[in-house]
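Reviewing the structure listed below.
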Amino acid sequence: AQSVTQLDSHVSVSEGTPVLLRCNYSSSYSPSLFWYVQHPNKGLQLLLKYTSAATLVKGINGFEAEFKKSETSFHLTKPSAHMSDAAEYFCVVRGQGSGTYKYIFGTGTRLKVLA
Amino acid sequence: EAQVTQNPRYLITVTGKKLTVTCSQNMNHEYMSWYRQDPGLGLRQIYYSMNVEVTDKGDVPEGYKVSRKEKRNFPLILESPSPNQTSLYFCASSSGRYEQFFGPGTRLTVL
């Protein structure tokens, strides 16, 4: 069975400093992985996706994530945080086999950006 | 514009009064799904549908029903809502290959 763990429920960074949001996954097969962002009182927006092509995936708004099979990780990074990045971020793994249509969400990481 | 729409966006109701939350997508997606979002728990899947007349339970299906009579619509039905179903609900659709597209959410309060 697939699962995903977001290692930090809250992360605070200063504006202009790097962002690191950590995600570990569990999967028997090569997974499809996603990061979504949810701004306050908004829906979910796709930031980026990994689908077994390049291991370094670039997304919108300067975010990127690196798929590391040996570490079963898919951490989200951004070189320089902006105030508008304050939001909740979800790491998602898509099931395989009979669970192909199941998308398993992490519990979320709330990013706070300090001025 | 490609989108997933949900109605209503906000709903306050009382225990036991049947309600339906509608979901519609205009992307001709085969796959649709319902989630509930609760603080600290992320999004949990309630039901999903792989195509018309094909549905299956997610992780938290108790107290909910769904139907998929048309490809574009996937309503969520609460036959007898209870306070523990107070939550933020999201509908999503996908071609089945990669990412899902989400609706704007429905905030439900059951008194």
Quick check on B/Arg107: does its CZ atom have over 12 non-hydrogen neighbours (other residues, nucleotides or ligands) under 6.0 Å away?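 Result for CZ/B/Arg107: open.
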
So with a 6.0 Å cut-off around CG of B/Asn84, is the heavy-atom count from everything else above 12?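 Atom CG in B/Asn84 is crowded, with more than 12 foreign heavy atoms closer than 6.0 Å.
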
Would you mind checking which part of [X] comes under 4.5 Å of any heavy atom in chain B, side chain (CB onward), backbone (N, CA, C, O), both or neither?
{"X": "A/Glu88", "result": "side chain"}
{"X": "A/Leu44", "result": "both"}
{"X": "A/Gln38", "result": "side chain"}

Starting at CD1 of A/Ile104, measure out to CD of B/Gln45 and round the result to the nearest 0.5 Å.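 Between atom CD1 of A/Ile104 and atom CD of B/Gln45 there are 8.0 Å.
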
Distance (rounded to the nearest 0.5 Å) between A/Thr51 OG1 and B/Glu99 CD: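 The CD atom of B/Glu99 is 9.0 Å from OG1 of A/Thr51, to the nearest 0.5 Å.
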
So which part of B/Leu41 gets closer than 4.5 Å to some heavy atom of chain A, the side chain, the backbone, both or neither?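 Contact with chain A is through the backbone of B/Leu41 alone.
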
Pick one of side chain, backbone, both or neither for B/Asp38, based on which atoms fall under 4.5 Å of a heavy atom in chain A.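 When you check distances to chain A, no heavy atom of B/Asp38 falls under 4.5 Å.
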
Sort out for me which residue in A/Phe34, A/Phe90, A/Tyr36 forms a ring pair (Phe, Tyr, Trp, His ring centres under 6.0 Å) with B/Phe102.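 Option passing the ring pair (Phe, Tyr, Trp, His ring centres under 6.0 Å) with B/Phe102: A/Tyr36.
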
Let me check something: do [X] and [Y] share a hydrophobic cluster, defined by ILVMFWY side-chain heavy atoms less than 4.5 Å apart, either directly or through other members?
{"X": "B/Val4", "Y": "B/Leu76", "result": "no"}
{"X": "B/Ile46", "Y": "B/Leu108", "result": "yes"}
{"X": "A/Met83", "Y": "A/Ile60", "result": "yes"}
{"X": "B/Leu88", "Y": "B/Val21", "result": "no"}
{"X": "B/Val66", "Y": "B/Tyr48", "result": "no"}

Using the benzene-type ring in the case of Trp, are the ring centres of A/Tyr103 and B/Tyr35 under 6.0 Å apart?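 No: the rings miss the under 6.0 Å criterion.
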
